[in-house]
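Both counts, for ligands and for their atoms, begin at 1 and track the order of listing.
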Amino acid sequence: QAKAAGGNTYRFFTPEMNLRISERVTLENNLRRALYGDEIFVHYQPQTDVRNGRLIGFEALVRWQHPELGNIPPTRFIPVAEESSLIYQVGERVLREACQQNRHWQDLGLPPVVVAVNLSAVQLRLPDLPQRVARILAETGLDARWLELEITESAFIHDTERIIDVLQQLRAIGIKLSVDDFGTGYSSLGYLKRLPFDRIKIDQSFVRDLPDGSDDVAIVRAIIAIAASLQKEVIAEGVEQEAQSEFLLQLGCELMQGYHFGKPASAASAEALLRGMAQQA
Ligand code: C2E
Ligand code: MG
Ligand code: MG
Ligand code: MG
């Protein structure tokens, strides 16, 4: 583009970049407004222990239903929220709603389960994050053992020492911690040993081509072995087919999440699953 402009003319923003920036600003303004209303809400995706088919918990996933633009996926608006300070509000909103909902299910006498909430790397940099999370638990009345926080692997690249400190404080409260999207970041096995994690989530990109993709088979096998030797739980994400599920189980991965077991769905759908579980017991 700079070349097409000829000679030494140098345009800082190409038209395409301008468009992207204005799109981002629009999205950001829309999001700021949306946070006042009820366009932002949470869906819940079941996590299953495949050995007995039991529901072990849910992952809370943020949803944004815009009145004109329709459903805007988190992969589009979370990065925008992370570039502004809106991620703090989005994060608190999801965390509070998930904790409130989980406590409500317990108050109904349904079997208690863990609800996992995604945490942005930006939120991890808040020095008072543990206090903020503790306050939300206190306000909603949820016991910390029913909350899990998922942190994507790439969040550990910078500020590792400070992050370890924050994670240790969260764990001291009694919250469970998991490494999300494991295998996609700049994995260093050293950090895994030092970070106080309970669970590793195998990224769905490694699950997709099972059981045929031979590289993926090798990677998944290695992740399961690492988890076992570090005495961490392991859960596979993005399990869509029975064949994938059987294969993972053979490799020793017993916990799974994916469309094969249930898509992310409303709190009411999640509640129906809990009721079904109560009847089984
Ligand atoms: P993630 O935390 O790795 O969440 C899993 C994503 O995979 C979700 O996409 C889920 O709907 C999708 N998924 C689950 N099972 C399957 C499957 O069998 N097949 C396929 N193809 N996909 C499956 P979603 O809800 O669009 O979220 C995308 C990402 O956005 C999340 O990845 C997470 O990184 C981020 N995200 C979602 N909610 C939040 C949130 O509340 N806070 C933050 N900070 N990030 C969030
Ligand atoms: Mg996640
Ligand atoms: Mg993931
Ligand atoms: Mg992901």
Side-chain angles (χ1 to χ4, degrees), residues 31 34-35 39-48 50 57-65 70-102 114-126 129 132-133 136 147-155 176-185 187 197-210 220 223 233-245 247-248 253 255-267 269-270:
L31 183 58
L35 281 162
E39 288 171 35
I40 306 273
F41 54 95
V42 180
H43 269 178
Y44 299 88
Q45 185 177 33
Q47 299 180 326
T48 306
V50 179
F58 294 101
E59 177 174 3
L61 294 155
V62 68
R63 294 293 177 258
W64 180 9
Q65 187 66 37
N71 177 268
I72 303 173
T75 45
R76 243 187 99 201
F77 72 83
I78 292 287
V80 173
E82 283 176 334
E83 283 174 40
S84 61
S85 54
L86 290 175
I87 190 64
Y88 302 123
Q89 281 161 271
V90 174
E92 288 224 10
R93 172 78 167 257
V94 173
L95 186 61
R96 178 169 283 108
E97 188 167 323
C99 290
Q100 220 160 38
Q101 185 59 252
N102 200 11
V114 171
V115 173
V117 175
N118 292 282
L119 213 60
S120 156
V122 176
Q123 288 174 279
L124 261 189
R125 282 187 232 127
L126 278 177
L129 179 74
R132 284 167 186 252
V133 177
I136 290 176
L147 175 64
E148 177 177 323
L149 294 173
E150 298 192 359
I151 299 141
T152 190
E153 188 187 22
S154 53
K176 297 191 168 51
L177 299 174
S178 57
V179 189
D180 205 351
D181 309 324
F182 187 76
T184 61
S187 322
F197 276 104
D198 300 284
R199 185 184 278 184
I200 292 171
K201 299 193 78 176
I202 304 175
D203 190 69
Q204 54 189 58
S205 60
F206 303 118
V207 171
R208 196 170 300 133
D209 296 327
L210 295 182
V220 166
I223 296 175
E233 283 185 353
V234 64
I235 181 167
E237 293 191 272
V239 180
E240 295 184 353
Q241 296 154 18
E242 176 65 26
Q244 294 167 335
S245 158
F247 188 75
L248 283 159
C253 176
L255 311 181
M256 299 182 206
Q257 180 183 340
Y259 297 168
H260 181 62
F261 303 98
K263 291 194 170 181
S266 66
S269 312

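- The part of R63 lying near ligand 1 is the side chain, judged by heavy-atom distances below 4.0 Å.
- At the Mg ion (ligand 3), the vertex angle linking OD1 of D180 with OE1 of E237 is 90° (nearest 10 degrees).
- Between V62 and ligand 1, a contact under 3.5 Å exists for at least one N or O pair.
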Query - salt bridge (charged side-chain N to carboxylate O under 4.0 Å, His left out) assessment of K201 paired with E148 - result: CA-CA 12 Å; K201 299 193 78 176; E148 177 177 323; 6.0 Å; no

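- Note on E150: its N/O/S atom closest to the Mg ion (ligand 2) is OE1.
- Within the 4.0 Å heavy-atom criterion, neither part of H260 lies near ligand 1.
- Proximity of a side-chain donor or acceptor of D181 to a complementary backbone N or O of D203 within less than 3.5 Å is not detected.
- Contacts between D180 and ligand 1, counted as non-hydrogen atom pairs separated by less than 4.0 Å, involve the side chain only.
- With a cut-off of 2.8 Å, the Mg ion (ligand 3) has no N, O or S atom of D203 in range.
- Checking side-chain atoms of Q45 against main-chain N and O of G262 turns up a donor-acceptor pair under 3.5 Å.
- Only the side chain of Q45 comes within contact range of ligand 1, with a heavy atom under 4.0 Å; no backbone atom does.
- Here's the thing with Q204: one of its N/O atoms is less than 3.5 angstrom from an N/O atom of ligand 1.
- No side-chain heavy atom of P46 sits under 4.5 Å from any side-chain heavy atom of Q257.
- Ligand 1 has a nitrogen or oxygen under 3.5 angstrom from a nitrogen or oxygen of N118.
- Contacts of E59 with ligand 1, taken as heavy-atom pairs under 4.0 Å, involve the side chain alone.
- Summarising the geometry of S266 relative to Y44, their closest heavy-atom pair is C-CD1, 4.3 Å, with the distance given to 0.1 Å.
- Residue S178: no N/O/S atom is found under 2.8 Å from the Mg ion (ligand 2).
- Contact annotation: for V239 versus ligand 1, heavy atoms closer than 4.0 Å belong to the backbone alone.
- Taking the Mg ion (ligand 3) as reference, D181 places its N/O/S atom OD1 nearest.
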